[in-house]
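What follows is a short report on a single structure.
Worth knowing before you read on, the calculation uses all heavy atoms, side chains too, and leaves out hydrogens, waters and symmetry mates.
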Amino acid sequence: MTALKLSNVCKSFGKTEVLRNIDLEVDEGEFVVFVGPSGCGKSTLLRVIAGLEDATEGSVEIGGEMVNQVPPAKRGIAMVFQSYALYPHLTVEGNMALGLKQEGQPRAVIEERVAKASHMLSLEDYLKRRPSELSGGQRQRVAIGRAIVREPKLFLFDEPLSNLDAALRMKTRIEIASLHKALDASMIYVTHDQTEAMTLADKIVVLRDGAVEQIGAPMELYNNPANRFVAGFLGAPSMNFLPAETLGGAAGHTIGIRPENLRIAEDGQISGTVAHVERLGGDTHLLVRTPAGDEVTVRIFGQSQIQRDAEVTLAYDPAEAYVFDADGARV
Amino acid sequence: MTALKLSNVCKSFGKTEVLRNIDLEVDEGEFVVFVGPSGCGKSTLLRVIAGLEDATEGSVEIGGEMVNQVPPAKRGIAMVFQSYALYPHLTVEGNMALGLKQEGQPRAVIEERVAKASHMLSLEDYLKRRPSELSGGQRQRVAIGRAIVREPKLFLFDEPLSNLDAALRMKTRIEIASLHKALDASMIYVTHDQTEAMTLADKIVVLRDGAVEQIGAPMELYNNPANRFVAGFLGAPSMNFLPAETLGGAAGHTIGIRPENLRIAEDGQISGTVAHVERLGGDTHLLVRTPAGDEVTVRIFGQSQIQRDAEVTLAYDPAEAYVFDADGARV
Amino acid sequence: MSDRLRPRWHILVFLAPAVLVYTAVMIFPLFNTLRLSLFTEVEQERVFVGLQNFRTLFGDAIWSEQFWNALGNNFWFFFIHMVVQNPIGVILAAILSHPRLRFAHLYRSAIFIPTILSFVIVGFAWKLILSPIWGIAPSLLDAVGLKSLFAPWLGKEEYALTTLALISVWQFVGIPMMLIYAALLSIPEEILEAGECDGITGMSAFWKIKLPLILPSIGIISILTFVGNFNAFDLIYAAQGALAGPDFSTDILGTFLYRTFFGFQLQLGDPHMGSAIATAMFVIILIGVCIYLFGIQTRLRRYQF
Amino acid sequence: MNKARRNPLNTAAAHLILLTYTVIALFPVFVILINSFKTRKAIFREPLALPSAETFSTIGYETVFKQGDFFLYFQNSMIVTVCSLFFILLFGAMAAFALAEYRFRGNTLMGLYLALGIMIPIRIGTVAILEMMVATGLVNTLLALILVYTAQGLPLAVFILSEFMKQVSDDLKNAGRIDGLSEYTIFFRLVLPLVRPAMATVAVFNMIPIWNDLWFPLILAPAEATKTLTLGSQVFIGQFVTDWNAVLSALSMAILPVLILYVIFSRQLIRGITSGAVK
Amino acid sequence: QDVTLTIESWRNDDLTLWQDQIIPAFEAANPGIKVNFTPSAPAEYNAVLNSKLDAGSAGDLITCRPFDASLALFEDGKLADLSDLEAMASFSDVAKSAWQTDDGSATFCVPMASVIHGFIYNKEAFEEVGVEPPATVDEFYAVLDKLKEDGSYIPMAMGTNDQWEAATMGYQNIGPTYWKGEEGRLALIAGEQKLTDEPWVAPYREIAKWKDYLGDGFEAQTYPDSQNLFTLGRAAIYPAGSWEISGFNAQADFEMGAFPPPVVSAGDTCYISDHTDIAIGLNAASPNAEAAKTFLNWVGSEEFAQIYANALPGFFSLSSHDVAMEDPLAQEFVSWRGKCEPTIRSTYQILSRGTPNLENETWNASAQVIKGAESPEDAGQRLQDGLASWYEPQQ
Ligand SMILES: Nc1ncnc2c1ncn2[C@@H]1O[C@H](COP(=O)(O)OP(=O)(O)OP(=O)(O)O)[C@@H](O)[C@H]1O
Ligand SMILES: Nc1ncnc2c1ncn2[C@@H]1O[C@H](COP(=O)(O)OP(=O)(O)OP(=O)(O)O)[C@@H](O)[C@H]1O
Ligand SMILES: [Mg+2]
Ligand SMILES: [Mg+2]
């Protein structure tokens, strides 16, 4: 069954068009990740789904029922706000428990769920604090906790892990994934983190300027981007785009090669000078400048000893390269 | 010359000790990154440096001058707040220009700098909007813009890029790096993003529970972590820790192996079952469960075809492994 | 913000204009007057008598009876305001502050209009309406079949004070309403939205989210009501005259003070006894304000948005 | 706007409550207004009836305009009210900011000191005030009234504004400090705009007693040139006979300007000025 | 150079009279002196005046309330001694008594007018119901009964809401008949009679009976209500002061008559309250004392008396000039001076100097007695106790 169905959803703030004709179906139990550049309308879309904003046009269905007129409280959702929106007068515990109390859950259930969530989010030590006494990451975790204790059928997460450190982020990500499994709830998740998007999603929705660019399973999008935008947006560092001519392709076309698909090799198709080396520890990124002036990023596994200003030749497997036409569409 | 010197800085909120005996020197023009788990005191430390909180103990020197008694406005710093703290009643432009106006800069200079910053942050289209009409990422960029237009000698950035998408984040990161070079200013930067930390920092400060764990250049910390905490904190996915005994080491010790240093090989030291596969596109992470019940993460470059439940043997180069004693100290 | 030891001239600059004007034009004259409570006039000479005036006020049956009567009435007056005016004000503000309510500003202005009327008009209008002679209230009650409930309220000792208090409530409801309204406006929309997603809407949103956040403002209106009521004077004076009839049943400290201080009809003003009453009132109000400032305000949590 | 969040039942209930109260609030005002257009007899014969052809009369208004220069009175009232409000808001907000923002020794005591003024009716200080005004030659000037009203309005302004200023996010002010703003700029450019609803509230609270005050105009500035509107209307309240037509007309007219001021100020009651400030 | 004199007054009512008649007449006769009449609302007058006098910003000429209020001002040096003013010659000692020191040695205000109490009635109503103005108390009640029986008029328009109506139009109106005018009043001051004595309690007993003849809800009826009830023709009798005449003339469209307070039995001497009410004095601090005296002298002139009494029928001149009045109702009132003994209100001289204030107490007691909330005897006792608490001759 469809947990959520958006048909032709549009939203404008005055003259600013923020969402354009969004169509989307989310199956029950599905985990959908929204990605897209900053300001493309992800949060707005979540707010429309939650019922906090009216769609200017189009319909929103939750659980098969048209909910355009249904208030947020009755939509059976929980949401993590990008700006947290914690209740400033309540402690961490109170923030998490308020929704449950409102539902009239028995105390034991409330306590148990709050305890579980705060354990999961490593918030046990802070239960009695108020939001103003918490660090940024702790606040964010409270916001997550407040949403998950409610165990609704549809979760809306707006960049819930952006202020957490890597370890905690991984831990929480895994917790969310298992929660997803345990509750069999549908989740809609906005993130800028590639790892989160790739690992959590059943389906990724790529948005751009308020419109859907492509929808698909993570690896499908990664390997079969519909257009240059999607190709460039997924993957970090992002795909290199070179004029096809320089590599013997058609004029006007662009060839896209992912940084990890470039190797330093004697007989490479591309040659250039190393303009910059970024050593990340586990990876090394080289920025290679071709004589034509293009810049190409190369990702090398592990710690490369290569130095700046070295002359290199780069090879790639044409099978792993993508070709886009002048409009950016995949050829 | 030292741009900033912290000596024995301590800070408590009531009974909660948040910073403990922090000593730190930042040279002029240096780029220092603070990393540490959520709630470890990074923001508080920045606020102490900025003069927004008084250190309970210890002294803060900026440019060789003791500033404990100097108000923030006179410290010659600019700061990006983790919570943005935008002026809600001013437009984007007004937010950026206010500090400059206060300095009495001529209009032309103000306009030029605001234009430059908003171009750099892709905010040109939003100059006339107020914060409430911006997306989360846009607000964050305004906060950055407000800090950089002022071009002070010392910048404090508190997770400035956390809400930006990967492409924008990279772009902005590079802009910040070049700003750093152009202004020859010192920068202190808090981040949870490994890439940012590794690429931007001249020096990384690892904090934990309000105390400094280790200070050093990025690759130095990556390759020579002083203790298990630092080793585990840097690198994503983080280092695997296995009881040394299982690998033939001393009892009580732990062996740390980075996920990228593990290879699937016939004659590996570790064997186990693939419990989970995470496909990120450019990398593949395997979670391998050993018979002893330990979990080991393996990072494989590119897209591996290995499936869940496969039996694998993992090899590593003991030279790339780290040994820690029972207290977590490096042996 | 942190305590810093260096001189902070700006604090002085911020405080100076207010403190100067206020001290010169308000505090100085007031205390100059209160000082009179320690004096009395004998043969056109001002003589220092220490606490004699207070002894008269509290010890002399005629004075003390009036004083306690006025004080008691004042508490009742205050009580009515607290239980009627402030809850109504808060309810109206809560309804009005609903972000999507249409015509809200029209309602708001309409409800505020009584507050901007002068006492002369208020006194006149209500006396006219409640008058047993001209018949607005009786005929209105008649229209709903409750004619028997009518009584000449302003003229009956048992009802007069309550009636006046209710008129005063009618007039001043705009004040708590506006203050609470302003406080409600400053609650960030997102917090309420988060509440809505949590299923907290309507009444529970009010009780569980808004009310705790506007508690300091409720504190303020309570103390303002207290201070305002214990200083009240005009309405009663306009409606019942300085003798606060019937039989002093509507006499409150303000009218008692006015009558004594400025005199009334053949009664000559007695600034000395008047000041003694004013001092007593001042002390009562000061105690109330101190209880609020030190006992309640410091305990109220404030939240920053 | 947002349909999903509008509950028709609640909305109807809200309108019902508000309408009911509006009727209660406006009924007496309505009575006054209709009666100001009736002959004296009609006022008392049938106070509730609308003015009809035979009872309609503008005699009250005519009397008012005949007696004294009402436009001058109006102008005086306006000058006094607006100037006093300006100083109350400016000085009051400054002091409130000092009390709300800085911790210094004697902060609470200063707060209490500034509140003393609301605890004693300022009228009893009349003689001293009048003596002072006589000494400074300010009697029969509008400045005298402005000074008194400013002093009189300050305690309330400080009391209310400091409470609201405590709600302004510290981070915001700190961002200003880091931006190099002086404390004055922080006050004027950041804090003041953010407490606009409170400023409007204080303005309205103070405006009413100032506008309606009879006492100080009577004592400090009773001269024809400085008469205020309320004082001017008082002419019609006699010892034995009150010209209710004229009183009702004068006071009905006096409502209008305050109502306009109210509407102007209440436009500052804006929602969400602080939204988008902090995360 | 022109001198401008400012007059402080509580008589808002007279503003147009002063502006249109009195001042032009004076200015025409005295070029170089300008006069400015600046009344304030009556309720605030005393307080405002005192404040201004204390601070030195009061006008040159001060309208004087009778007795203690003005006496206090004089004793404080606020009012100038006018004993030597030429105009004083035009006033009898009785007229001046309200503005003299207790020993009569100094006079400080020039008397302007007095007011007389009595009852005004609606002639048409009386004809309709078929009653005549009563002369005795019994007749008075007979008339009231008749009116009540008839039912088309409220027999008597009076309310207790404002209290002073009950005292002034009730107690002080009929009282002199019982305490025999000046005789009783002076005896009370001398301490020879007590408020518990029959002459002082009897009037209470009478007004207690009035309750039955007042309109519904008289407890909340205000003074303007009473005026309107009467002038709108809804009430037949109005216990009045002569000051009502001009207002009633303007407002009532029926013919009115007046009768003095009824006597107990036919042939008894009748007593009326002919109360010295208003005078004008000189601010001792006035810089224009000479011009002001010129004005005060003019106030004592026949011209002034003529203008004032005719413009304000019901305010009767206190000067010894023979003033012809045109208003029939006013003539009726003033004609009682010829057949009845005049006195002034009992509480005004000396007796309201202390606390509790006898006048205020009388207001309260009268209202309470009419409402039936206090018995006449209790009221008398209470007033007596109050008076005795500070007034030595009564202790
Ligand atoms: N006002 C306060 N009262 C008590 N404890 C506080 C207060 N403010 C912060 N803390 C605590 O101090 C610790 C450090 O906070 P800080 O904001 O510096 O963390 P951080 O390192 O910036 O974390 P994050 O990465 O989550 O932003 C946290 O554990 C927090 O709970
Ligand atoms: N009230 C508003 N008025 C006008 N424009 C608005 C308003 N709110 C948001 N916008 C604009 O709508 C667009 C979409 O905003 P939204 O918050 O949905 O972006 P987002 O995808 O969540 O971005 P981010 O990743 O930065 O959070 C932005 O360009 C923003 O500027
Ligand atoms: Mg967003
Ligand atoms: Mg932080």
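- Both the backbone and the side chain of F301(B) have a heavy atom closer than 4.5 Å to some heavy atom of chain A.
- With a 4.5 angstrom heavy-atom cutoff, P37(B) touches chain A via backbone and side-chain atoms both.
- Interface summary for chain A: among S238(B), S135(B), G281(B), the most heavy-atom pairs under 4.5 angstrom belong to G281(B).
- The backbone N or O of S38(B) lies less than 3.5 Å from a partner atom in the side chain of D165(A), making a donor-acceptor pair.
- The greatest number of non-hydrogen atom pairs below 4.5 Å with chain B, out of R141(A), H276(A), H285(A), M170(A), is found for R141(A).
- Counting heavy-atom pairs under 4.5 Å between each of L164(B), T191(B), D158(B) and chain A puts L164(B) at the top.
- For R299(A) (side chain) and G282(B) (main-chain N/O), a donor-acceptor pair under 3.5 Å exists by modelled atom type.
- Atom-to-atom distance recorded for R169(B):CZ and D193(A):CG is 7.0 Å, nearest 0.5 angstrom.
- If you measure heavy-atom distances from Q194(B) to chain A, the contacts under 4.5 Å come from the side chain alone.
- Residue contact with chain B, scored on non-hydrogen atoms closer than 4.5 Å, is absent for R258(A).
- Using a 4.5 Å heavy-atom threshold, the side chains of R173(B) and E278(A) count as touching.
- Across all their heavy atoms, T16(B) and R129(A) have their closest contact at CG2-NH2, 3.1 Å.
- Considering all non-hydrogen atoms of both residues, Q82(B) and N163(A) come closest at NE2-ND2, 3.2 Å.
- Both the backbone and the side chain of D283(B) have a heavy atom closer than 4.5 Å to some heavy atom of chain A.
- The backbone N or O of A166(B) lies less than 3.5 Å from no partner atom in the side chain of H192(A), so there is not a single donor-acceptor pair.
- In this structure the side chain of N223(A) reaches within 4.5 angstrom of the side chain of Q303(B), judged on heavy atoms.
- For the set T195(B), V277(B), L168(B), the count of heavy-atom pairs under 4.5 angstrom toward chain A peaks at T195(B).
- Only the side chain of F233(B) comes within contact range of chain A, with heavy atoms under 4.5 Å apart.
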